[in-house]
Amino acid sequence: MTNPNDRALPRAVRQAMPMARDVVEEVAKLHGVCIRPVPLRRLDTHTGQWELVDVPCGSTLEAKCPPCAKRNRQLRITQCREGWHLDHEPVITPDEPTDDQRWLVEFRADLQARRDEAEQLGEDTADWDAAIEGVDAEINEAGMRGNVLGRTAAKRVRSTRRRQDAPDLPKRKMTNTTLGRTFAAPDGKVYRPSLFVTLTLPSYGKVRDGVPLDPDTYDYARAARDALHFSKLVDRFVQNLRRVAGYDVQYFATVEPQQRLAPHLHMAIRGTLPRAELKQIIAATYHQVWWPPADDVRFDGDHFPVWQDGVGYLDPDTGEVLPTWEQALDQLDADPDAEPLHVVRFGQQHNIQSVLADTPAAGKWLGYLTKYLTKSLADPLDATAHSTARREHAARLIEALRAEPCSPTCANWLRYGIQPKNAKPGMLPGRCRGKAHKPDHLGYAGRRVLVSRKWSNKTLAEHKQDRRTWVLEALGQPDQTPDPHRYVWKPVPAGDANVPPLATRLLRSIRDRQRWRAHLQQLEAQNLSATRSAA
């Protein structure tokens, strides 16, 4: 073997040798070991012992951690497959409340009564409010969802009258089911078809290989706003779909970038509708963004509003307090001629496919649904000769997004003379840290995977447990559900001297994985031998 420390070797030969640290990472990937583990301290309440444990980072992006991304993608594939052509009604029955949960609610009722009594007497209720906040947190920690008071803030209500430029949709009486129609063949065989739908956004200008032919006429402002509000458009589509279908349509969808960098949707839908109706739903779906006007820039460059404690942001020239987010919405509500800031719709291009369970087509579309789940939205979809032009195209889109408000709390509202919701000092337009403004997201801040609640009737954690159960059964081992209350976890402070270097932890994990694999192979061989003996 050639020694890389031999200085007699030519420099080119030494540099061609792989780095030992890189090889450690490659071997970790081959063994399915997380390469970005998070160190945590774990207390075993049964033994009272603390130990340092590496927890997988759980990344969904291959660029960050390929082993974790691969595991997450496999879980999503399983989740999609199990729910797509479900032939029985999923049942979700809440657990009966425990004695501890009932006691917490009774205690919460007593605190509420004391707080109300203090308010009636004109006393300070701050201490009671703090106690109630603490009990509300305990209620959630005890395994109860939501808030005991439900929605407390008044919801702004706008007219639900449809736009004149959108066609009306039929509305069927809702039936209490999540299963679609079935069709019986003359031979008695029953078919349960489902749908695979791809939806895109409109055109913003002519493109070739994902690059605008004329960047100067390409509508980047509209492309940016459509990307920012794409998730709301998808929500509207699902609402319209269920109203027309007449049943609780279940779906599994993924959001991916097109070559032109606009988000589009792949959706697996349980059940089927006539194509004409589905096209009608797509054409009639829109989302109106009722936000204050964001076209007249009042502050830009180095001329920004200034913060004053106890008051908020002021006009640097006049000293006038800028309207708050709620005040700006009140002005919008009071204007009978007000128009929405933006209206987002789907484009003319879409794809509708009918899919039957256990067919090659089902596997094909399943792979298509999850193909890019481990990729970032900004990753190039292919290596083309236009990579430089596409990077410039992405840079122009990101620049358009930089000035757009991404949410009510976005600092960019200061550009238009409005204080963002929950404003705080130090906010600067163009430097919003929101997910939508990050280059890797290209304006889309929603979830990459959208799954309805009754799709497979399981959470990802339950799907993961199913995989564990299947492996143990295949090995002939009993499946014992671990006690969720046995361990107490605490984060490890950054720079803790007791945490070994990452390379050392990776080597230990590789060795553990080798031992586990050898043990599994041994159990598999024993189980196979026992099966043959029984036969």
Trainee: Check each of Pro429, Pro292, Pro405, Pro293 against Tyr416 using the side-chain contact (heavy atoms from CB on, under 4.5 Å) test, and report the only one that passes.
Mentor: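 That would be Pro405.
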Trainee: Please tell me whether Asn240 and Thr285 have a donor and an acceptor in their side chains that are separated by less than 3.5 angstrom.
Mentor: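 The criterion, which ignores hydrogens and geometry beyond distance, is satisfied for Thr285 and Asn240.
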Trainee: Determine the minimum heavy-atom distance between Cys410 and Met427, stating which atoms define it.
Mentor: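 Minimum heavy-atom separation between Cys410 and Met427: C-CE, 4.4 Å.
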Trainee: Is the closest basic N to carboxylate O distance between Arg448 and Glu256 below 4.0 Å?
Mentor: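 Glu256 and Arg448: salt-bridged.
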Trainee: Crowded around Lys454 NZ? As in, over 12 foreign heavy atoms under 6.0 Å?
Mentor: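 No, because the 6.0 Å sphere around NZ of Lys454 holds 12 heavy atoms or fewer from other groups.
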Trainee: Cut-off 3.5 Å, side chains only: do Thr177 and Thr175 have a donor facing an acceptor?
Mentor: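 There is no such pair between these side chains.
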Trainee: Flag yes if more than 12 heavy atoms outside Arg181 fall under 6.0 Å of its CZ atom; otherwise flag no.
Mentor: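 No, because the 6.0 Å sphere around CZ of Arg181 holds 12 heavy atoms or fewer from other groups.
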Trainee: Do any N or O atoms from the side chain of Asp219 and from the backbone of Gly205 form a donor-acceptor pair under 3.5 angstrom?
Mentor: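 Absent.
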Trainee: Of Arg415, His437, Arg225, which meets side chain to side chain donor-acceptor pair (under 3.5 Å) against Glu404?
Mentor: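 It is Arg225, the one option of Arg415, His437, Arg225 that forms the side chain to side chain donor-acceptor pair (under 3.5 Å) with Glu404.
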Trainee: Kindly write out the residues that satisfy side-chain contact (heavy atoms from CB on, under 4.5 Å) with Gln514, not counting sequence neighbours, or none if the list is empty.
Mentor: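 Partners of Gln514 under the side-chain contact (heavy atoms from CB on, under 4.5 Å) test: His31, Ile510, Arg511.
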Trainee: Do Lys29 and Glu62 sit within salt-bridge range, that is, some charged N less than 4.0 Å from a carboxylate O?
Mentor: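 Between Glu62 and Lys29 there is no salt bridge, as every charged N stays at least 4.0 Å from the carboxylate O atoms.
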Trainee: List the residues meeting ring-ring contact (aromatic ring centres under 6.0 Å, His included) with Phe237, not counting sequence neighbours, and say none if there are none.
Mentor: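 ring-ring contact (aromatic ring centres under 6.0 Å, His included) list for Phe237, sorted by chain: Phe346.
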Trainee: Please list, chain by chain and in numerical order, all residues satisfying side-chain contact (heavy atoms from CB on, under 4.5 Å) with Pro202, sequence neighbours excluded.
Mentor: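 Once residues adjacent in sequence are excluded, the partners of Pro202 under the side-chain contact (heavy atoms from CB on, under 4.5 Å) criterion are Tyr204, Arg222, Asp226.
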Trainee: List for me each residue that meets side-chain contact (heavy atoms from CB on, under 4.5 Å) alongside Gln349, sequence neighbours excluded, and say none if there are none.
Mentor: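 For Gln349 the side-chain contact (heavy atoms from CB on, under 4.5 Å) partners, ignoring immediate neighbours, are Thr200.
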Trainee: Would you mind checking if Arg396 and Glu399 are paired as a salt bridge, meaning a charged N to carboxylate O distance below 4.0 Å?
Mentor: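 Salt bridge: no.
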Trainee: Taking side-chain contact (heavy atoms from CB on, under 4.5 Å) as the criterion, tell me which of Gln258, His264, Arg260 meets it with Leu201.
Mentor: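 For Leu201, the side-chain contact (heavy atoms from CB on, under 4.5 Å) check succeeds only for Arg260.
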Trainee: Testing the basics here: between Gly58 and Cys68, what is the closest heavy-atom pair and its distance to 0.1 Å?
Mentor: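 Looks like N-SG, 3.5 Å.
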Trainee: Would you say the side chains of Thr198 and His266 form a donor-acceptor pair under 3.5 Å?
Mentor: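 Distance-only check passes for Thr198 and His266.
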Trainee: Is there a donor-acceptor contact under 3.5 Å linking the side chains of Ser456 and Glu82?
Mentor: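 No, no side-chain donor-acceptor contact under 3.5 Å.
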Trainee: Check side-chain contact (heavy atoms from CB on, under 4.5 Å) between Arg73 and all other residues, then give those that pass, not counting sequence neighbours.
Mentor: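 Expected list: Ile77, Thr370, Thr374.
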Trainee: Does the side chain of Pro37 reach to within under 4.5 Å of the side chain of Ser509, using non-hydrogen atoms?
Mentor: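 When only atoms from C-beta onward are counted, Ser509 and Pro37 do not touch, as no gap falls below 4.5 Å.
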Trainee: Could you name each residue pair satisfying side-chain hydrogen bond (donor to acceptor under 3.5 Å, both in side chains) that touches residues 353-368, not counting sequence neighbours?
Mentor: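 Residue pairs passing side-chain hydrogen bond (donor to acceptor under 3.5 Å, both in side chains), neighbours aside: Asn351-Gln353.
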Trainee: Any salt bridge between Arg242 and Asp248, counting N to O under 4.0 Å?
Mentor: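 Salt bridge present between Arg242 and Asp248.
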Trainee: Considering non-hydrogen atoms only, spot the tightest contact between Leu428 and Ala411 and give its length.
Mentor: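 Between these two residues, the closest heavy atoms are O-CB, 3.5 Å.
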Trainee: List the atom of Ser59, the atom of Lys64, and the distance in Å for their closest heavy-atom pair.
Mentor: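 So the two residues come closest at OG-CB, 3.6 Å.
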Trainee: Do Val238 and Val249 touch side chain to side chain, with heavy atoms closer than 4.5 Å?
Mentor: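 Not touching, per the 4.5 Å side-chain cut-off.
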Trainee: Report yes or no: do Gln74 and Arg71 form a side-chain donor-acceptor pair below 3.5 Å?
Mentor: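 Arg71 and Gln74 do not have a side-chain donor-acceptor pair below 3.5 Å.
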Trainee: State, to 0.1 Å, how close Leu401 and Ala436 come at their nearest heavy-atom pair, and which atoms those are.
Mentor: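 Smallest interatomic distance, heavy atoms only, reads CD1-O, 4.4 Å.
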Trainee: Hey, what's the ring geometry for His229 with His287, parallel, tilted or perpendicular (30° and 60° as the breaks)?
Mentor: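 If you compare the ring of His229 with that of His287, the planes turn out tilted.
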Trainee: Without hydrogens or angle criteria, can the side chains of Thr178 and Arg270 be said to hold a donor-acceptor pair below 3.5 Å?
Mentor: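 A donor-acceptor contact under 3.5 Å links the two side chains.
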Trainee: Are more than 12 heavy atoms from other residues, nucleotides or ligands located less than 6.0 Å from atom CG of Asp22?
Mentor: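 Correct, the count exceeds 12.
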